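A quick note: this is a predicted structure, and the numbers were derived from the prediction, not measured.
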Amino acid sequence: MIKLDSHVPEGNISEKWANHKFSMKLVNPANKRKYDIIVVGTGLAGASAAATLGELGYKVKAFSYHDSPRRAHSIAAQGGINAAKNYQNDADSVFRLFYDTVKGGDFRSREANVYRLADVSNNIIDQCVAQGVPFAREYGGMLANRSFGGAQVSRTFYARGETGQQLLLGAYGSLNRQIHLGNVTMFSRREMLDLVVVNGKAQGIIVRNLVNGEIESYSAQAVILATGGYMNVYFLSTNAMNSNATASWRAHKRGAVYANPCYTQIHPTCLPVHGENQSKLVLMSESLRNDGRIWVPKKIGDTRSPKDIPESERDYYLERKYPAFGNLVPRDVASRNAKYVCDEGRGIGGGRAVYLDFSEAFNRIGKEGVKDKYGNLFDMYQNITGTNPYEVPMQIYPAPHYAMGGLWVDYNLMSNVPGLFVLGEANFSDHGANRLGASALMQGLADGYFVIPYTLGNYLTTEKPAKVDPKSNEFKEAENNVKENVSKLLNVNGKQTVDSIHKRLGHILIDKVGMSRSETGLKEAIKSISELRQEFWNDVKIVGKGNELNQTLERAGRVSDFLELGELMALDALNRNESCGGHFREEYQTVEGEALRRDDEYSYVAAWEFKKPGMWELNKENLEFETIKLATRSYK
Amino acid sequence: MDNNHIHLTLNIWRQETPSSKGFFEEFKQDVSPDSSLLEILDEINNRLEAEGKRPIAFESDCREGICGTCGLVVNGNPHGPLPKTATCQLHMRNFNDGETLFIEPFRATAFPIIKDLIVDRSGFDKIQQAGGFVSFNAGSAPDANAILIPKKIADLALDAAECIGCGACVAACKNSSAMLFVSAKVSQFAILPQGQPERYERVQAMVKVMDENLFGSCTNTYACEAECPKGISVSNIARMNREYIGAKFKTEELVD
Amino acid sequence: MGWFSTFTSSSIGKKFIMALTGSLLMLFLIIHFIGNMMLYFGPKAFDTYVDTLEIFKPLIRVIEVLLALIFIFHIYNGLKLWYENKKANPQKYAVNASRENSDIYSRSMAITGVTIFVFLIIHLSTFWATFNFGLHPNTEYPYYTIVTHWFQNPIYSLIYVIGMIVLGYHLNHAFQSAFQTFGWNHKKYTPLIKKIGTVYALILALGFASIPIYFFLMGGK
């Protein structure tokens, strides 16, 4: 059993961070250059952290499996980034953003962290504008905002449909400046395969050079993981092809506890699967739900073309069930209901897709009006599907999108392994059981620019400013562990391809640990995943060698970790006998079929400690809601 | 959606190491018109792996046309024949039954081949490291609305900033010039007020590193603009020329 | 390095030199063109024009030296860029799709440039050499007679016509390209500049090429 201390500072919620900043110890400026810091992952969280730590004078080593930090999947975020600026004078405030985020997360996040996130959100916008991020502007030159994801205030800053790209390139610029100044050394095309723990502290990593296959060791006084989320565990997701859980999973196996892995967000507005050979799913901005109406035929197995189905035979199921919010219900509600109608056999053509219909909007604001608002999204839809959404209603279906769960961290973003910090989507901390739109970018940058630069220093004051020896036994042991793992994979020499096994894992998970979960289904999932893992280690086929660029080997390592993580997701979902946010247990719903939270028993973070593959121990961090009263979400 | 398969002959560049001699290997493939070109490569790779043969090394990541990782040349066109489309967004319905495709990596001295279709584009990062940023430290920024930027200026800057750094401009250029890529970043900061303090230093530093990394020079064929998946305009190149010439003649530094 | 040599050895600097020398040459061509058009006003007009130039001979010589330097700079620099650019892009694609993304004028600057250089040598070794240092025929209008004489030769006239077509290709790209290199690209004016460039190239190429055709067809009369 591990004692999980969240280290939330004392005091009123609005003063905690300020008090904490003052009470933390500081590193002498002249000593900062004597500290080596490893940052793994250079997306929004990692790049902003590496850059800012470089600015402070630390010696940073940054690692990415991409050829360049600019490729990280943060780049694909379309919608925007929230901040409590209240520029629109619509009664927004830090407290309101905090409140919305805690409520949106279905009361399963840590209040103090969320408040800090809302608090620094304004600094992020200042920072990004100063970097030259070309946010959308009003004609008078002021920043423009939009309302996003059903929020009742306009607090979302955006740059066309490319907000993530612009923010990442901003952070990439700051990172480049530090590389130029020599404060950050960039190691690209390196994949972290193990964490080195010396005397109980994280002091290094083992990476594989993806170009020549060499196993390399790097040491530091602290290790920061900013390696993103694990949604590719589902095989088909909106994540990038290379997104994976390996770095955080290997850290987990070295002692870092994994929190709330069952909290996964399945995004409602994605393109449906077109065939068995599909490689990934594409997200369409959920702003489409502002004007599009979602429906399916009332009749089961209706194969008529949509224009032949009269109004009276269409079921606008979200409008029917949730008259107040209609098509703008939160992501989890929209997704789950799409699944239900398709389970009933009322999906388009009996398959797994629903209509997103703009004909009402065409009548109201004209095709030109729709084009003005969503032109680029309509073009994208036509490009990918080959059908014209101005003529035929769009087809959509939910897709795995964002992982709220991740490595457990305290208020300082440090895991239970001293010296191991976790930022961005890789940690579990701020979104509870469901993330609100335009909050992922906010969290990544908050962690990187405005939290870790303070809290890391506090930790380092307990560490001597002396080089960590990268040749110690601990490093050798970890290096050997990695080498053995690589050769074990290469020596299985079975018959099945990595992708075919990954696809099967994905099918199990989306089916049983997806939008809707049941005790029986989860037990079955645990059993089948564990069997599939056996199958993988007995029958996977990896062509090629270890000492060369070998993408199959890279994927195999990642899938081997997914096969363990997938089981833990099911285990966590099974343990959580309630429904909350992205986690919906069929046994726990209200009479109207809505999520039934059980605050008395499950108001805690489930943090799992790795014992051996297929075996974990549950640790709990109780969540206390001192500022916001627990309430049931209602979108009726 | 149409599911009638079409038959294609794909000649794909194979090259085991940077120094080994490459060649085209022929693959016959029935493809779904709804699949993307990269999904076809996935299919071929799955087959090769199942047969115990070395799969085709190629890079891609977001498959949404924004990360700039993927980049193949299809029949002489970087990112294939569709305008303003990255390779990952190129669907097979754009090809005809019976067509023969030649798929090869971006070719340029500045982008050495690592393996098969993977090239090394680190030259781009080096150029960005030389000056593709605004120098200030986190924490020192004024309120975001303290800097007023006219909508048109912000839009123009974003037009340039949309560059995804894929390298198609270099691949399309008969001189392998990186001018479109570099000028997009130079332009973003030359247009915006935030970029003004370092305006002249930036363009000189970035051009210097661009030249050092063996990119060719611009002969204004504008092939880059035609092939750019984001449609970055060559007016940015003119702006960079202007900035660079201005920097050299207006500033008072005597050396470099 | 001093700032100026850094500039001239940079990729943009080299292009700047090409554009600057090219622009001066384009101005010279206009003057040359006007002179040539005198041929259409008859022997007297043409020889008077040439004789008038003789008055400024010292100045003309200075300009000729400058022109020669500009030419040499333009050609040397062009060849150097061509060589460097070849090195930057040594391997071609299996399928050449360049016509889908660019026009032939821009892609063929090196080859049209070299062709024009060859033409220039022929041109200088015949007309310019004879005008300046050759034996002038003993007629009332010797210069006009020299022109008439040379263009009786069908091969020589054909070389001229081809040379001028190539020049037209070169100029069509050169004109607008120089503006782009100087950094003058504007949504309002660039399309107009491109049109003017094409008109300029057409007038010069057709005008210059019309002379050998005219004299050849006139058959020495």
Backbone of B:E162 reached by a side-chain donor or acceptor of A:Q165 within 3.5 Å
yes
Contact origin within B:T85 toward chain A - heavy atom pairs under 4.5 Å
side chain
Do B:N137 and A:R177 have side-chain atoms, one donor and one acceptor, less than 3.5 Å apart?
yes
Using heavy-atom distances under 4.5 Å, tell me whether B:V119 contacts chain A through its side chain, its backbone, both, or neither.
backbone
Chain B contact via A:L281 - side chain, backbone, both or neither, heavy atoms under 4.5 Å
backbone
Chain B contact via A:D67 - side chain, backbone, both or neither, heavy atoms under 4.5 Å
both
Relative to chain B, which segment of A:E554 carries a heavy atom at a distance below 4.5 Å: side chain, backbone, both, or neither?
neither
Chain A contact via B:I114 - side chain, backbone, both or neither, heavy atoms under 4.5 Å
side chain
Which pair of heavy atoms, one from A:E55 and one from B:F136, lies closest together, and at what distance?
OE2-O, 3.6 Å
Contacting moiety of A:T52, where chain B heavy atoms sit under 4.5 Å
side chain
Checking heavy atoms, do the side chain of B:D155, its backbone, both or neither come under 4.5 Å from chain A?
both
Is there side-chain contact between A:Q278 and B:D34, with heavy atoms separated by less than 4.5 Å?
no
Are B:R54 and A:E548 within salt-bridge range, i.e. N to O under 4.0 Å?
no
Contact origin within A:I179 toward chain B - heavy atom pairs under 4.5 Å
side chain
Pair count under 4.5 Å, heavy atoms only, with chain A: among B:N46, B:N94, B:L192, highest is B:N46
Go through the atoms of B:I56 and report whether side chain, backbone, both or neither lie under 4.5 Å from a heavy atom of chain A.
backbone
Does B:N145 reach the side chain of A:R137, with side-chain heavy atoms less than 4.5 Å apart?
yes
Work out which heavy atom in B:P142 is nearest to a heavy atom in A:D126; give both atom names and the distance.
O-CB, 3.3 Å
Contacting region of B:K126 [heavy-atom separation from chain A under 4.5 Å]
neither
Closest non-hydrogen atom pair, B:A157 against A:P134
CB-CB, 4.2 Å
Using a cut-off of under 4.5 Å for heavy-atom pairs, which of A:A76, A:G173, A:S48, A:G132 has the most such pairs with chain B?
A:G132
With a 4.5 angstrom heavy-atom cut-off, which part of B:S122 approaches chain A: side chain, backbone, both or neither?
neither
With a 4.5 Å cut-off on heavy-atom pairs, point out which of B:I153, B:D125, B:V134 contacts chain A the most.
B:D125
Are the side chains of A:R160 and B:D159 in contact, using a 4.5 Å heavy-atom criterion?
yes
For each of B:P150, B:G165, B:G132, tally heavy-atom pairs with chain A at distances under 4.5 Å, and name the one with the top tally.
B:G165
Which atoms of B:Q89 approach chain A - backbone, side chain, both or neither, heavy atom under 4.5 Å
both
A:N242 side-chain N/O to B:S60 backbone N/O, donor-acceptor pair under 3.5 Å
yes
Derivation and outcome, side chain to side chain contact (heavy atoms under 4.5 Å, CB included), residues B:E39 and A:H274:
CA-CA 12 Å; B:E39 285 167 354; A:H274 67 64; 3.3 Å; yes
So, does A:K280 use its side chain to make a donor-acceptor pair with the main chain of B:R63 at under 3.5 Å?
no
In short, B:E49 meets A:T552 closest at the heavy-atom pair OE2-OG1, 3.2 Å
So A:Q551 and B:P55, do their side chains get closer than 4.5 Å, heavy atoms only?
no
Could you go step by step and tell me if B:Q194 and A:V129 meet the side chain to side chain contact (heavy atoms under 4.5 Å, CB included) rule?
CA-CA 8 Å; B:Q194 296 94 314; A:V129 166; 3.8 Å; yes
Residue from B:L41, B:L38, B:D42 passing side-chain contact (heavy atoms from CB on, under 4.5 Å) with A:S279:
B:D42
Okay, A:F157 and chain B: the region with an atom under 4.5 Å from a heavy atom over there is neither
Note, A:R189 side chain near B:I118 side chain (heavy atom, < 4.5 Å)
yes
What part of B:I147 lies closer than 4.5 angstrom to a heavy atom of chain A: side chain, backbone, both or neither?
both
For residues A:I384 and B:S36, determine if any side-chain heavy atom of one lies less than 4.5 Å from a side-chain heavy atom of the other.
no
Heavy-atom cut-off 4.5 Å, strictly under: side chain, backbone, both or neither for B:E43 against chain A?
side chain
Shortest non-hydrogen contact from B:R93 toward A:Q382
NH1-O, 4.3 Å
Side chain, backbone, both or neither of B:K84 within contact of chain A (heavy atoms, under 4.5 Å):
neither
With distance as the sole test, does A:Q166 use its side chain to make a donor-acceptor pair with the main-chain N or O of B:A161 at under 3.5 Å?
yes
Side-chain donor-acceptor contact under 3.5 Å, B:D143 with A:Y87
yes
Supply the atom-to-atom distance B:K230 NZ to A:E162 CD, rounded to the nearest 0.5 angstrom.
4.0 Å
Tightest non-hydrogen contact, residues A:L143 and B:A144, listed as CD1-CB, 3.4 Å
Applying side chain to side chain contact (heavy atoms under 4.5 Å, CB included), run through B:E59 and A:R71 and close with a yes or a no.
CA-CA 11 Å; B:E59 282 186 300; A:R71 313 280 183 223; over 6 Å; no
